[in-house]
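Letters A, B, ... are given to chains in the order of the sequence lines, protein chains preceding strands, and every chain is numbered from 1. Computed over heavy atoms, backbone and side chain alike; hydrogens, waters and symmetry mates excluded.
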Protein chains: 2
Amino acid sequence: MNETNTTRPAPYHHGDLRQEAHQQALEIVREHGDTAISLRALAKQLGVSAPALYRHFIDRESLLAELAVTGFEALRERLLAIDSSNPRQALIDIGLVYVSFAQDEPNLYRLMFGGRVLPRGVHPRLDAAGKGAFQVLEDTIARAQHVGYLKPMPLALMTAAAWSLVHGLSQLTIDGHLPVAEAEPQLAEGVLTLLLDGSRNSAQQ
Amino acid sequence: MNETNTTRPAPYHHGDLRQEAHQQALEIVREHGDTAISLRALAKQLGVSAPALYRHFIDRESLLAELAVTGFEALRERLLAIDSSNPRQALIDIGLVYVSFAQDEPNLYRLMFGGRVLPRGVHPRLDAAGKGAFQVLEDTIARAQHVGYLKPMPLALMTAAAWSLVHGLSQLTIDGHLPVAEAEPQLAEGVLTLLLDGSRNSAQQ
DNA sequence: TTCGTGATGTTATCGCTGTTAACATTGTTA
DNA sequence: TAACAATGTTAACAGCGATAACATCACGAA
């Protein structure tokens, strides 16, 4: 009746708590949203006491901030994978990928852009990650402008317009404000086309 | 030392608790956001015990839902006040008023469109109020289409585009994602113009 | 090889939260 | 006036984030 060989006596130190907590918390957010994150419940799932988590995360909010950072990094990667040879198609694809991301990961997206849980200027890494995703959009627009596809106009204006459009469309669809009945991709593409038609350089092409 | 004449013995019934709780909670949300709403603290401020509030609100969430309803009603009123004689100007004004509302009441706006706290399909009155505000936008677009200012296209497409644009712009600015440095109204108007230029009927005017 | 120190766990506890149950008081109506 | 519904009360439960004080362990220096 000695357990010395079969089951280890459950080591005092966990091994890689920080990493596992991050992963598990990410899963919970993706499935049930950030309000479902409880440090106590999370600790229990990991077989650890609640205060142990405070060795790795300042508080609940900074854990959420880290999750949002990985969300922005995932979004950025998806955006970077887009073929940018054709400026118009690149712009449309950026929008489509952006909206798809929000629809694939609505809870994560809400955490990233909720604003209420994670205000700007509090978690520098989060601000930087958000900027990193935004940068891909801006670069694509700058390129389209450079090759003369877009009207000459302040870069900030066009990026604000494009980002607002895709962000608004994302938020409204995942929150059920827009009727999802009509096939989504067509809606997104149609909406993007409207903006591009008003922004492209009519002197060429 | 009898208090019979000077101070009333604090009546058992409050008078109009429901109304006052709503008003006070609205104030708190406007100033500090919905996360700052605590039923216990709210009750204390109103000089009443916490469970008393449950006579008037099913739970915390349905109180928040009521606040969001009044938010949507306020937004709708602002939108209805717009002069709609000139279709293009009416469309631009709708957008400007919409964004102004979000900037004037960021916390209320986040409650209305947060999505995480108040999902669709749970509070029918809230869904209806949201639809009421949206309706003003849709009607304005339908009118612009009817007089031939806008291209012929599905109404749902143009409304989705317009709403997405103003909603996204609102959310991004109040959350600090867009640099507020550049004068706001110009940014909003410029962004709206891009969309309208892509949507207007180039055959006329 | 031992020893001490910092990293990383633990339990106990505080004060807060939403919510319900059981009871008290009041306004109103038959 | 008696009964009843509306609207308050106190007591209590379970859960939360967070901190303090203490325990265990890994690891580098003597």
Side-chain angles (χ1 to χ4, degrees), chain A residues 3-4 7-26 28-29 31-68 111 114 116-119 122-123, chain B residues 3-4 7-26 28-29 31-68 111 114 116-119 122-123:
Chain A
E3 65 173 7
T4 320
T7 61
R8 252 79 54 87
Y12 194 91
H13 285 88
H14 182 281
D16 195 2
L17 182 55
R18 159 145 210 156
Q19 169 80 10
E20 285 192 32
H22 181 106
Q23 213 56 32
Q24 182 74 28
L26 184 59
I28 296 172
V29 165
E31 287 178 19
H32 304 103
D34 54 87
T35 60
I37 287 282
S38 143
L39 290 192
R40 301 176 97 112
L42 177 60
K44 186 173 289 183
Q45 284 185 40
L46 296 167
V48 98
S49 75
L53 295 174
Y54 286 84
R55 297 289 178 193
H56 305 278
F57 308 97
I58 296 174
D59 52 15
R60 193 188 109 105
E61 189 183 274
S62 58
L63 167 58
L64 291 180
E66 285 199 15
L67 302 183
L111 173 63
R116 147 182 50 197
V117 192
L118 299 170
V122 177
H123 301 91
Chain B
E3 64 173 9
T4 319
T7 61
R8 252 81 53 89
Y12 193 90
H13 286 88
H14 181 280
D16 195 1
L17 182 54
R18 160 146 209 156
Q19 169 80 13
E20 284 192 33
H22 181 106
Q23 212 56 34
Q24 183 74 27
L26 183 60
I28 295 172
V29 165
E31 288 180 18
H32 304 103
D34 54 89
T35 60
I37 287 283
S38 143
L39 291 191
R40 299 177 96 113
L42 177 60
K44 187 173 288 183
Q45 284 185 40
L46 296 167
V48 97
S49 75
L53 294 174
Y54 286 82
R55 297 291 178 190
H56 304 279
F57 308 97
I58 296 174
D59 53 15
R60 192 188 110 106
E61 188 182 276
S62 58
L63 167 58
L64 291 180
E66 286 199 14
L67 302 183
L111 174 62
R116 148 182 49 199
V117 191
L118 299 170
V122 178
H123 304 278

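- Under the 4.5 Å side-chain criterion, counting only non-hydrogen atoms from C-beta, A:Arg55 is not in contact with A:Leu17.
- Computed from coordinates, the B:His56 NE2 to D:dT9 C1' distance equals 13 Å when rounded to whole Å.
- Regarding contacts with the backbone of D:dT9, a side-chain N or O of B:Ser49 is found under 4.0 angstrom from either OP1 or OP2.
- Each of D:dA18, C:dT11, D:dT10 was ranked by its minimum atom distance to the side chain of B:Pro51; first place goes to D:dT10.
- Counting to the nearest Å, the P atom of C:dA21 and the CZ atom of B:Arg55 are 11 Å from each other.
- For the pair B:Arg40 CZ and D:dC13 P, the computed distance is 13 Å after rounding to whole Å.
- In this structure a side-chain-to-backbone donor-acceptor pair under 3.5 Å is missing from B:Asp34 to B:Ile37.
- Atom CD1 in B:Ile58 sits about 15 Å away from atom C1' in C:dT20, given to the nearest Å.
- At whole-Å resolution of the value, CG in A:Leu17 and P in C:dT10 are 9 Å apart.
- Looking at heavy-atom distances under 4.0 Å, A:Ser38 makes contact with sugar-phosphate atoms alone, never a base.
- Between the CZ atom of A:Arg60 and the P atom of D:dG15 there is a distance of 17 Å, rounded to whole Å.
- Between B:Arg18 atom CZ and B:Glu66 atom CD the span is 4.0 Å, to the nearest 0.5 Å.
- Spacing between atom CD1 of A:Ile37 and atom C1' of D:dG17 amounts to 14 Å, rounded to whole angstrom units.
- In this structure, the nucleotide among D:dT7, D:dT9, D:dG17 sitting nearest to the side chain of B:Val48 is D:dT9.
- Across all non-hydrogen atoms, the minimal contact from B:Ser62 to B:Phe57 is OG-C, 4.1 Å.
- Atom P of nucleotide C:dG9 and atom CZ of A:Arg18 are separated by 12 Å, given to the nearest angstrom.
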